[in-house]
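Bear in mind the structure is a predicted one, so any value in this text is a computation, not a measurement. Positions are given from 1 along the sequence.
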Amino acid sequence: MLETKRKILIVFIVFLIFFLFFSIKDCFFTNGNFENKIIRYGRKQTIKSLDITDTPIINREPYLVFGKYIKLPAGRYSVDFFIKSVEKKQVKIDIDIASDRGREIEVKKAGNLMLGDNILSVNLLLKDSKEIEPRVKLYDNAHNVFVEKIEIRKIGNIYPFKKIILKTIFYTFFSILFIFAVFSSSNENSEWKRYILFFIFFLSFYLILIRSWISEDAFITLRHVENFISGYGPVFNIGERVEGFSHVLWFYMVSLFRWSGVTIKASVIIPSLIFSFSALYIFLFKIRVSDERKEVLNFSAPALLAASAFIDFGTSGLESPLSYLLLIIYSKMLLEGSFHKKPEIFGMIIALLVFTRPDFGIFLILNIIFFVYELYRKRIKFKFLLNFSLFSIVPLFLYEIFRMGYYAAIFPNPFYTKTGSGSYFSAGINYFLDFSEGSLFLPVVVFALLILIFKKDKSDGRILLLLSGFTHLFFIVRGGGDFMHGRFLLPSFILLSAGTIGIFDEYFSSSEIKRISAVFLIAFIFIIGLFVKPAQKRGHYFNRGGISDERFAYYKDKNIPLKYLFKENIIFMWKTIGENYHYIAEKAKLKIRVAYKNVGFIGYYAGKRVFVLDKLGLTDPIVSRLKIKKRGRPGHEKYAPFPYLYYRELTFSPTPFPLWNRFAKTNQGILWDISPKTMRRFSFFLPRDFKNNLDNAVTDYLEKLNYKKGDADFLLFLKKYWLPYTKTENRKRFLDKINMELIKHDSNIYRWINRNKTKLKLVDEKITGDMSMKKFIENILFSIKYFNMKFE
């Protein structure tokens, strides 16, 4: 016995040294990127000369970004910017150090330089290893200004003992739990399962906590939330009733937290952590498969908990944590058989699942089929089926009435965007392979399948649970999966993992060697899972089929310091674009309309005065119902055609017309609305002689025009967006030269609008305007009649 304890102590010391190494490595190691004392950036690079008069400091577009991050160890640095100009004049320059694409190092410095040969320097303190990028901003309208080079010199070391101590405490705690599990299993202590489960629980808790984040898509929901709590209704754009989210229950949960006054990040991070940790606790400690109230070993659980997708979507701002909790409660009731005794609660859980994700509706269908079969076999009573149906179907039916009446649609708008054109097995199989390549999902699927086929002593609950997992897996594969790595397959992973609980429990509890083996095997599966990474983390931004690891795309593989957990420290480009539009709309006191394909950050930060049209259709009722001509990246197969943008009368958006894109370009985008009112309100940021330059360019084009069929769309665009606001002589020249009947005949814009005009007006009529009981009823009838409405 003494010899066994000595061996265990040695293992513990090895663990401690291993964890201590990982806690301090960021202070000294940089993956080979800091071999010399000096790092030089590039060669001569021109600072863009941009007039940003009266533009707010949030505008980052004028920054010269070098596009190259370099990882530095903790320490003190001097960063020297070598600036040169051929003109001998004084200019104002800002220098900035950005970091990690999701965080910012608060290092900025402004200077007024008499340019010839000048150096602008800033000192930099890194308390831990970071990827940093120097940037430069020029305030004056100067030409021929260059950045010769940037040098980063290390001038001192720092040793973040506080961080080292905290990490060492964390890792020591995990090690102690593991050692206790080994000791208890060797001593026939009944607590040995509890110790190993706590080891898995707390390590998962730690990983989810330090990898907390918010995805860009979450801000689509947050814009709905802001409008809802401000009294405008659960809509993305004020005045347009479109359900741009599919997680009804999650939306109202986040709305409640946001209404309480917490920060944006806290309104999604707090409920995410609550649901994730509650789900973990129930999954590991509260599921029982017999009358004995003891913990049950689950060899699939560590494979699930070590999957990067499970850890990463434990926050993210999406509905995944809520689905974790509900799916595990669903699994618990099936495994323990309590669904037979509590059909009302079981029905409510399934209703909540469908309110969380529409694809969970397959569980309702599957359970109804199963219970009808059990009723036929006389193993349940009709009262059971009635109670189950009342508590599952009735709440969904009532909300469906509201949805049809308010939104004039049977399903949430993302459903129409992502359902596509039926089956898409090739993309679905690719999605399955991508997730299997980056996790231990495939062994769990095989293990669960073997249990379903060959194990004889299975309860009805376990059969239904495994069938639920495989049905969901088939449903996701059939539909083509998703573009986010693993997210849509996590429910299948949870259900199949839960379906294997307790299978070998007695076998691994029967002797000392088997108990110790169980401890090491569960820990081994978990640790191996942590080293299995998605293809994106192995050097590819997208896997085949356009699948991306979303957290990695935004934050690389960085952990977020806990001090940033609830702070709004988002500095992505799309946020800046949204803030710029917010500034313009507020200063001009105008409602403006813009179109983008990434509408999360942009939409949220643009604010209430800005109408944001989603080119990918998640929040747009027309784009979401476009016919798919060619299958492609899931969730990105529909894209707003230009005729539709033309129809929506935007303020800013690119066009297919190079001449207009060139001469109508501003620092904030390509302007469509050149009416006198808009010109007056936008004068604070428009380039000098903007309108005259545009008029001259268009009139020159018209003078040289030798009409071809391909000119029709541009001429129709000019007629609507330029002709009413130009000089009288220009209007006369245009109308004399252009045959409008011929233009309409040749124009793709005119033909598309003409084909879809009736349906466009019908949808606009149903989702805009004041709501009344009469309109509510009309919307319900419209939803049923035009259930499968499509646009070309």
Validation row, ring centre [X] to ring centre [Y] under 6.0 Å:
X: F201; Y: F283; result: no
X: F198; Y: Y195; result: no
X: F776; Y: Y406; result: no
X: F508; Y: F299; result: yes

Would you please name every residue forming a side-chain contact (heavy atoms from CB on, under 4.5 Å) with F382, sequence neighbours left out?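 Partners of F382 by the side-chain contact (heavy atoms from CB on, under 4.5 Å) criterion, ordered by chain and then number, come out as L375, L386.
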Who pairs with P358 by side-chain contact (heavy atoms from CB on, under 4.5 Å), at least two apart in sequence or on another chain?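 With neighbours one apart ignored, the set is S246, P412.
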Distance-only polar pair, side chains of [X] and [Y], donor-acceptor under 3.5 Å:
X: S468; Y: Y330; value: yes
X: R223; Y: N237; value: yes
X: S215; Y: S316; value: no
X: S548; Y: E550; value: yes
X: N413; Y: E243; value: no

Start with the C-alpha distance between F310 and Y324, add both sets of side-chain angles, then the distance that settles ring-ring contact (aromatic ring centres under 6.0 Å, His included), and finish with yes or no. CA-CA 9 Å; F310 182 87; Y324 294 171; 4.4 Å; yes
Within 45 degrees of the axis of the six-membered ring of [Y] and under 6.0 Å from its centre: does [X] put its NZ or CZ there?
X: R241; Y: Y407; value: no
X: R631; Y: Y424; value: yes
X: R551; Y: F313; value: no
X: K759; Y: F791; value: yes

Using a strict threshold of under 4.0 Å (side-chain N to carboxylate O), is an ion pair present between E374 and K381?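 Result for this pair is no, no salt bridge flagged.
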Going by the angle between their ring planes, with limits at 30° and 60°, are [X] and [Y] parallel, tilted or perpendicular?
X: F228; Y: Y252; value: perpendicular
X: H224; Y: F236; value: tilted
X: F388; Y: F384; value: parallel

Going by salt bridge (Lys or Arg N to Asp or Glu O under 4.0 Å), name the pairs with one or both residues in residues 459-482, residues two or more places apart or in two chains.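 Those involving residues 459-482 are R379-D460.
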Looking at residues at least two apart in the chain, or sitting in another chain, which of them share a ring pair (Phe, Tyr, Trp, His ring centres under 6.0 Å) with F441?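 Counting only residues at least two positions away or on another chain, F441 forms a ring pair (Phe, Tyr, Trp, His ring centres under 6.0 Å) with F432, F435, F493.
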Residues that K766 engages under salt bridge (Lys or Arg N to Asp or Glu O under 4.0 Å), provided they are two or more places apart: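 In terms of salt bridge (Lys or Arg N to Asp or Glu O under 4.0 Å), with neighbours along the sequence ignored, K766 is linked to E778.
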Pair V623-T417, side-chain contact (heavy atoms from CB on, under 4.5 Å): steps then yes or no: CA-CA 8 Å; V623 180; T417 308; over 6 Å; no
Just jot down the side-chain hydrogen bond (donor to acceptor under 3.5 Å, both in side chains) partners of H472, sequence neighbours excluded, or say none.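 Listed in chain order: D359, S492.
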Ignoring hydrogens and angles, tell me if any N or O in the side chain of [X] forms a donor-acceptor pair with the backbone of [Y] under 3.5 Å.
X: N367; Y: F363; answer: yes
X: T263; Y: F566; answer: yes
X: S260; Y: F257; answer: yes

Single hit among L318, V268, T315 for side chain to side chain contact (heavy atoms under 4.5 Å, CB included) with I214: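 Between I214 and the candidates, side chain to side chain contact (heavy atoms under 4.5 Å, CB included) is satisfied uniquely by V268.
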Take a 6.0 Å sphere around CZ of F425 and say whether it holds more than 12 heavy atoms from other residues, nucleotides or ligands.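 Yes, enclosed.
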Y507 OH: over 12 foreign heavy atoms closer than 6.0 Å: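 No, not enclosed.
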Applying side-chain contact (heavy atoms from CB on, under 4.5 Å), run through M789 and F782 and close with a yes or a no. CA-CA 10 Å; M789 177 187 286; F782 168 81; 3.9 Å; yes
Check against side-chain contact (heavy atoms from CB on, under 4.5 Å), N779 and M404: CA-CA 6 Å; N779 284 357; M404 291 191 294; over 6 Å; no
Assess the residue pair F504 and F447 against the criterion (ring-ring contact (aromatic ring centres under 6.0 Å, His included)); give the C-alpha distance rounded to whole Å, side-chain angles, the decisive distance to 0.1 Å, and a yes or no. CA-CA 12 Å; F504 294 122; F447 188 31; 5.8 Å; yes
With a 4.5 Å cut-off on side-chain heavy atoms, are [Y] and [X] touching?
X: S308; Y: P534; result: yes
X: D434; Y: H485; result: yes
X: P491; Y: F360; result: yes

